[in-house]
Asker: 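Mind looking over this structure? Questions follow.
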Amino acid sequence: MDDRRRLGMPAEQQEDQRVRAEGRWGTAVTVGIAGGLFFSTLHYLAYLLRFTSVSPALWIEWGMGKPFGRTAAGLLLSIAVWTVLSVAVAVLYDRVAGERLNPIGGGVTLGVVLWVLLFIGGPMLGFVPDVRQLDIDTLSTELALFLVYGLFVGHSLSDRFRAERTAS
Amino acid sequence: MVDEEKGTSASKGENAPVHRRLAVNQAYLKERLDIGVSFDIGVREISVGEKKLALYFLNGFADNMVVVEMLRELSRVKREELVPQVLTRIFRKYLTHPQVEELRRMDEVVDKLLAGHLVVLIDGEQTALAVDARHYPARQPEEPDTERVVRGSRDGFTETLVFNTALIRRRVRDERLRMELVQVGERSKTDVCLAYLKDVADPELVRLIRDKLSRITVDGLPMAEKALEEFLVGRNWHPFPLVRYTERPDVAASHLLEGHVLVLVDTSPSVIIAPTTFFHHVQHAEEYRQTPVVGTYLRWIRFIGILLSIFLLPLWLLFVFNPELLPKELAFIGPKKSGEIPIFFQFILAEIGIDLMRMAAVHTPTPLATAMGLIAAVLIGEVAIKVGLFAPETILYTAVAAIGMFATPSYELSLAVKLVRLFLLLMVFLFKVPGFVLGVTLVIFVLAMTRSLNTPYLWPLIPFNWPALRTILFRTSVPSMKTRPSIVRPQDARRQ
């Protein structure tokens, strides 16, 4: 357990101050873009294999109708939408919680919160069908995706590892 | 031996100094080591300029030619030349050997003697001399079996610590390379060397490892670096390797230059590299021996192999259970003749079979190995299918997964991956789709929470570091690698 003590505290804190002043937006945006691209692609893969019945193109389908959502253009557009949303989430997380939360715990919480938002709040706006109508496959796949996304964002934006994260 | 630190020998609690009279010292040694009982401890009493000397040595280590030379020089010394400062004269002028040390305690005398040194006790002096005239039975550096490259240097580490450090120093001639020696193990007193670049490696990491090494209290280290690894990173249940091993000096030297810390153990050619992440285990020296594009291609093939090795079997099992999950284009996947036993148990049997075959191949003497391979591959597979034990697809996919496993550069990682695969198979068998996704999520979480000597295991994926990730995904050319990876927290991030 003594491994978990932070190594070299004063130097790292100084560096943290400097990095915090310089690169806050940069890292959050990078993490957001990477997360959004990667996980929406994974989502599409899961949709292809019918692990989940919710398509990643759900934004497009809601906004512009189902037929457009099935096309390649619709898919790419919705991946872009996911990426933008992810950047917003990442920046928000960084501002609100980045310093204080445990990397793992914060990430898990973020994932759960997002999943709840989408699947409990979503049906009201018409994005997704109601939770009771979705089967366990879809629910568990979506939950897994959001959990790992949350871990990705939370861990990357956590204060403890800023030193490893900056472009060096 | 200039960089040597004396290890603490907390043996029997006797702190007797070297006595003035030779007879007392000799009696002490005779009692402690039972000189007459162990046949390989030898004594030679000689008179030098009318002073009595006793030479103690270990038969197996003493290089006879060196000893004869020394004695010849000593025998020519006349009394007038020695007295009054016997010791200094002998030490400075007449004992012609580059590595001579002065010892003041009998504990040190015993330790040095048993390490193979030649110990000289002088009548009338309270200091003994230890001459390092050791002659090891050692093999030549050969290319290690598990880390071959098609083109490149073919030397590998041997079991002798001094030669290994020499191989490294040949590649890193920097004055700031430090090789600290520590002795570990009550009875084995194994030499362990900590190697690092003083102005590059993270000093906290060096201190952490040094602390851990000094706090090891154990009988001995017969399994050399493996036992040491458990003391350094000590996790019992976690199958993933938390340190990287290598037997190639060029790999070791390049890790040193990046800022890692190496731990070399005497009697073992494997060198521990710390700290390490998951992605260190999937890279291989071969990729750096080819052009960047080809190296990237090779790396990606390796990634695909590893991914296949993890996911192919569980996914296929999932599609066997739920064929409706497959998109139309891939609907041909799926067992046509499924054999008598449920597919899950076929997979378990096949995994056990592959491991048994691998163990058999290791234990079989080489002339029989080809015959065994033929029997195993052709006959058993064919007959098993005919009997109905296996479906043909089972054997195909297990073989693909096994090849993916063998393509993994790090042997320890391939074994850990096998366990992950078995776990995922079980989850799919029990819970189908939710089992698969939640199993994968669980594995990712466990890996993300692992830390090897305070470095996160999935760096640079989680926490995300795009520049470093780019160098992993694409083998970047050496001139463009200007900075050291930040995970080792180097003091100087710019490579010179």
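Chain A is the first sequence line, chain B the second, and so forth, proteins listed ahead of strands; every chain is numbered from 1.
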Asker: Is B:Leu315 close to chain A through its backbone or its side chain, or both, or neither, when contacts mean heavy atoms under 4.5 Å?
Answerer: side chain

Asker: Is it the backbone or the side chain of B:Pro460 that comes under 4.5 Å from a heavy atom of chain A, or both, or neither?
Answerer: neither

Asker: Of the non-hydrogen atoms in B:Ala448 and A:His155, which two are nearest, and what is the gap between them?
Answerer: O-NE2, 3.7 Å

Asker: Quick one: which of A:Leu139, A:Val148, A:Thr138, A:Leu143 has the most heavy-atom pairs under 4.5 Å with chain B, could you say?
Answerer: A:Val148

Asker: Nearest 0.5 angstrom please: A:Leu151 CG to B:Met449 CE, how far?
Answerer: 8.5 Å

Asker: At a heavy-atom separation under 4.5 Å, does B:Leu318 approach chain A through its side chain, its backbone, both, or neither?
Answerer: side chain

Asker: Evaluate the ring planes of A:Phe51 and B:Phe319, with Trp represented by its six-membered ring, and classify them as parallel (under 30°), tilted (30 to 60°) or perpendicular (over 60°).
Answerer: tilted

Asker: Could you tell me the separation between the CG atom of A:Leu147 and the CD1 atom of B:Ile444, rounded to the nearest 0.5 Å?
Answerer: 10.5 Å

Asker: When only pairs under 4.5 Å are counted, which of B:Val440, B:Leu438, B:Leu442, B:Val433 shares the most heavy-atom pairs with chain A?
Answerer: B:Val433

Asker: Does any backbone or side-chain atom of A:Leu48 lie under 4.5 Å from a heavy atom of chain B? Answer side chain, backbone, both or neither.
Answerer: backbone

Asker: If I measure from the heavy atoms of chain A, does B:Phe431 come under 4.5 Å with its side chain, its backbone, both, or neither?
Answerer: neither

